[in-house]
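Heads up, the thing below is written out as structure tokens.
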Amino acid sequence: MKINKNKKINTNFIYKIIEKDILKNNSLNIKTRFPPEPNGHLHIGHAKSIFINFNISKKYLGKCNLRFDDTNPSKEKIKYINSIKKDIKWLGLKWNENIKYASNYFKIFYKYAMILIKKGLAYVDNLTKNQIRKYRGSLIKEGKNSPFRNRKIEKNINLFKKMKNGYFKDGSICLRAKINMKSKIIIMRDPVLYRVIKIKKHHQTKNKWCIYPTYDFSHCISDYIEKITHSICTTEFTNNKILYNWILKNIGTKNRPKQYEFSRLNIENNIISKRKIKKLIKKKIVKNWSDPRLLTISGLRKRGYTPISIMNFCNYIGVTRKENFIQMSYLEHFIKEDLKNKVKRAMAVLNPIKIIIYNLPKNYKKIIKIPNHPKIKKFGTQKIVLRKEIYIEKEDFEETSKNKKKLFINGKVKLRYSYFIKAKKIKKNKLNKIEKIYCKCYKNIINKKNKKKKKISIIHWVSIKDSIKTKFKIYKNLFKTKYPEKKKNMIQYIDKKSKKVKIGFSQKDILSKILKNYIQFERIGYFMLNNLKKNKNITFTCITKFKK
Ligand code: ATP
Ligand code: MG
């Protein structure tokens with residue numbers, strides 16, 4: 001992955017449209033909205049939408065409303081409303097005035113539905129959901145009129161009133177727009193505008209209503225009521241725009257909002273959609289919405305991502321209409337960039353193997369003073385201790401390797417901030433696993449004549465006596481396949497090893513190196529300290545690892 005530092009990120013096609021509109025209308029109060037359905041938690045895709053909508057309002061001195069699109073009580077929950085508010089605040093964004101709810105406008109939607117009925121542009125239909133689907137036809141088959149399509153206006157008014165008054169059962173009846181069952185655009189084949197949902201109490205309006213408008217009917221009217229100028233959504237709503245404009249025109253509005261679409265965010269080896277996340281939770285593949293492997297805002301927070309890193313990522317990926325998949329390494333790049341100069345560095349060993357430096361005396365102790373950060377002086381210095389017995393990473397040793405990057409028998413490496421060591425002998429246990437490695441240390445092998453040796457790699461380590469047992473939670477992408485969103489059976493592609501817990505060692509004084517919960521373990525990556533628990537090992541979550 002290569003980040004293009006020269007990429008133009010301060011403009012995109014939506015900004016250009018807005019700038020044209022501002023020029024056309026001398027004074028235009030730009031207003032956008034972010035309209036989540038409270039049927040799940042926010043994810044990184046929502047962060048992109050939030051970033052776009054809130055930034056437009058910031059850039060053009062406008063406003064951005066947070067509006068809950070709460071027109072389907074059978075799927076919505078108050079806990080989702082609360083988590084959405086919490087996540088937006090955590091991302092550092094402020095919505096305009098009070099929070100809006102589509103349910104604030106139920107009375108107005110009803111009034112407009114009546115207007116359409118009275119104009120002969122909507123009718124009450126008794127077909128069932130399945131029948132409606134069958135009658136609708138397909139891309140290659142024209143739709144068929146419902147036998148109830150030509151009901152008299154008076155009859156429709158009465159039936160719609162009865163719907164509102166709770167006369168009918170869920171799913172037995174609905175209100176549809178009367179447009180064209182032969183339209184090439186399927187969405188225009190008499191879309192449903194209202195349905196009966198009695199089984200669930202609405203979290204805002206309680207039992208006041210038992211009929212609820214569909215997304216298509218409520219969304220455009222909500223935008224109109226709130227004087228939204230640019231209604232920005234994802235490309236799967238491109239066809240809905242025709243209906244959006246049809247409704248606004250036929251209910252008799254002026255100065256209508258306009259819809260613009262951008263492509264959804266997809267990230268390789270991950271799924272983003274709420275529906276799919278719910279499936280993973282149901283199948284117990286992840287524990288909940290905030291599993292650190294999920295790209296939900298709460299998952300990213302638990303993993304250690306910062307709001308700035310997420311917003312910088314959204315800024316970098318930009319806004320286009322083309323379907324695309326972003327590499328996970330882009331997101332990782334922005335957290336590394338954010339933490340790079342904000343955290344101290346220390347050493348830890350995740351997969352320890354014992355080294356005995358046999359040419360050092362038994363009680364050898366050398367205190368080494370090193371900086372807490374190679375570039376940031378104000379972070380101060382720390383003291384590390386070299387002793388006869390140390391741990392290094394198992395991966396840094398290979399018995400027979402000639403790989404210059406590793407320690408091998410008769411091969412040399414340099415201990416970070418300390419001496420060179422050469423492996424001489426290994427001791428294996430009964431299971432033929434290496435128990436310890438005997439090494440010889442050299443205080444200095446680099447001299448001007450022997451520059452080649454400078455290529456020797458430098459490895460991290462901790463002295464056994466000066467380290468403490470530490471737990472490390474390591475996560476990988478949830479999916480082994482690049483495009484799980486496109487697979488029929490995504491479960492098949494889950495990486496069962498995407499979550500690992502390692503017991504290793506870190507410097508004894510590690511807690512004193514933590515800044516705002518973060519640390520960089522040299523050569524490994526960035527980590528976040530978990531809540532400390534009495535009598536439990538210190539635990540770190542790995543946010544992102546360095547590429548080896
Ligand atoms: P999901 O597919 O995850 O259920 P949704 O579109 O149903 O998402 P909403 O709560 O309706 O979720 O989304 C609120 C806003 O966020 C919408 O404007 C929607 O277009 C946008 N949004 C949702 N997912 C993405 C995504 N992956 N990338 C960009 N924007 C998104
Ligand atoms: Mg939606």
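Positions are given from 1, in the same order as the sequence printed here. One-based numbering, in listed order, for ligands and for the atoms of each.
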* E236 N/O under 3.5 Å from ligand 1 N/O -> no

* Asked: With under 30° as parallel and over 60° as perpendicular, where do the rings of Y212 and H202 fit, or are they tilted in between?
  -> parallel

* Quick one: which ligand 1 atoms are inside 4.0 Å of a heavy atom on G45? -> 25 (C), 26 (C), 27 (N), 28 (N), 29 (C), 30 (N), 31 (C)

* Asked: So, is R275 polar-close to ligand 1, with some N/O to N/O distance under 3.5 Å?
  -> no

* **Residue-ligand contact H43/ligand 1, heavy atom below 4.0 Å** => yes

* State which residues pass side chain to side chain contact (heavy atoms under 4.5 Å, CB included) with K516; sequence neighbours excluded, sorted by chain then number. => Y518

* Considering distance alone, does some N or O of N39 sit under 3.5 Å from an N or O of ligand 1? -> no

* Asked: What pair of heavy atoms forms the shortest contact from L515 to K342, and how long is it?
  -> CD1-O, 3.6 Å

* Asked: For atom 1 (P) of ligand 1, which candidate among K48, H41, E485, R264 provides the closest heavy atom?
  -> R264

* Parallel, tilted or perpendicular: rings of Y110 and F160 (30°, 60°) -> parallel

* Partners meeting side-chain hydrogen bond (donor to acceptor under 3.5 Å, both in side chains) with E142 (sequence neighbours left out) -> none

* Can you tell me how far NZ of K473 sits from CE of M528, rounded to the nearest 0.5 angstrom? -> 8.5 Å

* Asked: Which of the numbered atoms in ligand 1 are below 4.0 angstrom from a heavy atom of F262?
  -> 29 (C), 30 (N)

* Run the numbers for me: atoms of ligand 1, each under 4.0 Å from some heavy atom of F34, listed by number. => 14 (C), 15 (C), 16 (O)

* Short list, please: which atoms of ligand 1 are under 4.0 Å from a heavy atom of L265? -> 26 (C), 27 (N), 28 (N), 29 (C)

* Residue from K178, R149, R136 passing salt bridge (Lys or Arg N to Asp or Glu O under 4.0 Å) with D190 -> R149

